[in-house]
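Take a look at the structure set out below.
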Amino acid sequence: MNLHAVKAIYMFEMARTFRTLYQSILAPVISTSLYFVVFGAAIGSRITAVEGVSYGAFIVPGLVMLSLLTQSISNASFGIYFPKFTGTIYEILSAPISYVEILLGYVGAAATKSIILGVIILATATLFVPLEVAHPLIMITFLVLTSVTFSLFGFIIGIWADGFEKLQIIPLLVVMPLTFLGGSFYSVNMLPPFWQTVTLFNPVVYLVSGFRWSFYELADVSLWVSFGMTSVFLAGCLVTVWWIFRTGYQLKA
Amino acid sequence: MNKQSIISIQGLSKTYDGGFQALKDVDLQIRKGEIFALLGPNGAGKTTLINIVCGIVNPTEGQVTVDGNDIIADYRATRSMIGLVPQEMPTEAFETVWNTVSFSRGLFGKPADPGHIESVLKSLSLWDKKDNKMMTLSGGMKRRVLIAKALSHEPRILFLDEPTAGVDVELRQDMWKLVRGLRDSGVTIILTTHYIEEAEQMAERVGVINRGSLILVQDKQELMHRLGNKQLRLHLHEPLAGIPGNLSDFDLEFVPESCELVYTYHSQRERTGVTMLLLALGEAGITFHDVDTKQSSLEEIFVNLVTWEK
């Protein structure tokens, strides 16, 4: 394995994050803090506890998931799209590096950034609400699994995109609405029965539900269903990436 | 594979998705340690050929080996031997020179070696720019950085795709000095250029590609010897009003009222016609006070070849 190459890509991507600290770390932390202020303190104080958990604390897992999904996609898609846009992708394609190593570098860096961000958001949340994690290992597993899965998804978007608009279409028009409608700010049980059924078609429900369970043992669906659905999405992303590298789609003529 | 070859290309063809055939059944051997110039007009297939060897473009048919290793099956072995300076100037605008060159070394599987990076940057007069961001550099400096990136992992084969396009004379001379130094250290160099006088100065062998087909590969001196015309220029005492009848069989050019008569001939023919021309001039009473000869340049040969192909 060309570990020097994996390290080079990984460090290069991480360096980009540290160059853009305001955009990469500070901006998501501020926007998440605003969610806490608005939904947790202002509106949340008028909402009764959800199944025994204060509303402010209830939304923490959902907010972390919201940031994880959007940042994983954004970091990974930009990471691979930018070399395509500038033309520096020639160097990646001509290097003695396998597709797995390319993935480890780009997706590894994007997932790392998301995990760091998730931890920072959790730390920020403790400033606003009392936070407890009932199952830390499961929480970490979901954090890592979600970051890796959606970084892979972002990588696919970055390969597919042939312009900055396409780069933003799926995160803004698909992922963001699904996240808001995926139980980040409410329990699925609060919805009317019809919408409870409809919402089960939203994959984000399973991520938020499983992640929230690791905090409060509260879930809209079974923990194993959450793991299963996330793993299915991960497998789908892996198959798509395998196909991309096998065919050279949008990479090699 | 030829005993001396480091790159062996056999039956290589490339047809892009749109149906455009960029390469047609190309066979080519690049010898270890040589400077090989690949010449051809725009769109001839030079960059496609280079990109296939480097792994950037997939071949449609044919086989390429580098030092005996197949470029697809043994891509790690082949690519780690190759450095590429692309025709375009793609750079990471926000990266420093040092970081971008160090990145390339890591990408090609080499452990960090600040001493080597320093030596490469110094050899390209980039040392004082090492902490500058790429976006602050001039076009010439960016070109130097691309060369530094290609040399960062100590390649045994260096592809230079139009390396001197848009660079000033000083950089061009520095670059060729560097290229000669690399050749002397055993690096094989394959270059494409539009400045054919550079190929004439630098290359040991020349390949001419046109519309996807390799139409000629030859030692440069042999090529110029074989295909080059020679011109005999006679500086006359008196201007001529026209070419006398006894000289009409010779391939002569003259500008009316000028004092120059130019005879073009193939120097490799057994009978060049020079003696007959001089005798005929004497018979016609035409005298001259000086003569000079000129061998046609590689550029003229190249233009003739490509024009003939059309």
Side-chain angles (χ1 to χ4, degrees), chain A residues 1-24 75 78-106 108-109 159 162 164 243-253, chain B residues 14-18 20 22 47-48 50-60 69 71 74-96 99-100 102-113 133-135 146 149-150 152-153 155 159 161:
Chain A
M1 181 173 263
N2 186 349
L3 287 176
H4 290 297
V6 175
K7 184 182 166 195
I9 295 173
Y10 183 87
M11 297 307 288
F12 195 85
E13 285 299 300
M14 292 306 288
R16 192 156 55 79
T17 303
F18 296 126
R19 268 204 314 270
T20 54
L21 270 182
Y22 292 121
Q23 180 197 327
S24 303
N75 287 329
F78 192 77
I80 190 65
Y81 176 73
F82 201 60
K84 279 174 55 193
F85 176 72
T86 59
T88 54
I89 192 80
Y90 86 89
E91 210 175 10
I92 303 289
L93 297 176
S94 64
I97 179 168
S98 71
Y99 299 140
V100 171
E101 290 153 4
I102 293 174
L103 272 186
L104 282 175
Y106 280 108
I159 297 277
D162 53 13
F164 281 98
W243 175 82
I244 284 171
F245 282 135
R246 198 179 67 85
T247 60
Y249 171 74
Q250 298 278 51
L251 284 174
K252 276 189 181 190
Chain B
K14 173 65 188 176
T15 305
Y16 286 103
D17 285 345
F20 173 68
T47 300
T48 298
I50 289 175
N51 284 347
I52 288 175
V53 179
C54 292
I56 298 168
V57 169
N58 291 322
T60 307
N69 302 296
I71 58 160
D74 309 311
Y75 69 93
R76 281 189 198 274
T78 63
R79 292 184 197 175
S80 60
M81 276 189 267
I82 296 174
L84 167 66
V85 180
Q87 189 173 344
E88 305 297 328
M89 288 206 282
T91 55
E92 282 278 4
F94 303 105
E95 278 298 331
T96 64
N99 285 347
T100 194
S102 301
F103 169 74
S104 298
R105 184 175 171 83
L107 199 59
F108 279 76
K110 290 283 175 79
D113 184 350
K133 285 187 177 175
M134 291 299 295
M135 63 184 176
L146 288 177
K149 282 165 79 70
S152 66
H153 64 281
F159 281 96
D161 196 1

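First the proteins, then the strands, lettered A, B, ... as listed; each starts at 1.
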Fill in the blank from the handout: Given A:Gly105, A:Gly248, A:Ser98, the one with more heavy-atom pairs under 4.5 angstrom with chain B than any other is A:Ser98

Practice task
Against chain A, work out which of B:Met81, B:Arg79, B:Lys149, B:Arg105 has the most heavy-atom pairs shorter than 4.5 Å and name it.
Solution key: B:Arg79

Exercise for the section: Might you confirm whether atom CZ of B:Phe94 has over 12 heavy atoms from other residues, nucleotides or ligands at distances under 6.0 Å? Expected result: no

Practice task
Report yes or no: does B:Lys110 contribute a side-chain atom to a donor-acceptor pair with the main-chain N or O of B:Ser80 at less than 3.5 Å?
Solution key: no

Problem - Within 6.0 angstrom of A:Phe164 CZ, more than 12 heavy atoms from elsewhere - result: yes

Completion exercise
Greatest number of non-hydrogen atom pairs under 4.5 angstrom with chain B, of A:Ala8, A:Pro83, A:Ser94, falls to A:Ser94

Practice task
Against chain A, label B:Glu88 side chain, backbone, both or neither, depending on which of its atoms sit under 4.5 Å from a heavy atom there.
Solution key: neither

Handout entry: Whether A:Trp243 and A:Tyr249 hold their rings parallel, tilted or perpendicular, with breakpoints at 30° and 60°
Key = tilted

Handout entry: Region of B:Asp17 that comes under 4.5 Å of a non-hydrogen atom in chain A
Key = neither

Handout entry: Contacting region of A:Arg19 [heavy-atom separation from chain B under 4.5 Å]
Key = side chain

Handout entry: Atom OH of B:Tyr75 with >12 non-hydrogen neighbours under 6.0 angstrom
Key = yes

Handout entry: Which portion of B:Thr91 sits near chain A, non-hydrogen atoms under 4.5 angstrom
Key = backbone

Handout entry: Over 12 non-hydrogen atoms of neighbours within 6.0 angstrom of CE in A:Met11
Key = no

Completion exercise
So CG of B:Leu146 and CG of B:Leu84: to nearest 0.5 Å the spacing works out to 9.0 Å

Completion exercise
Cut-off 4.5 Å, heavy atoms of chain B, and the answer for A:Lys7 is neither

Handout entry: Contact origin within A:Ile92 toward chain B - heavy atom pairs under 4.5 Å
Key = both

Handout entry: B:Phe103, part contacting chain A, at a heavy-atom distance under 4.5 Å
Key = both

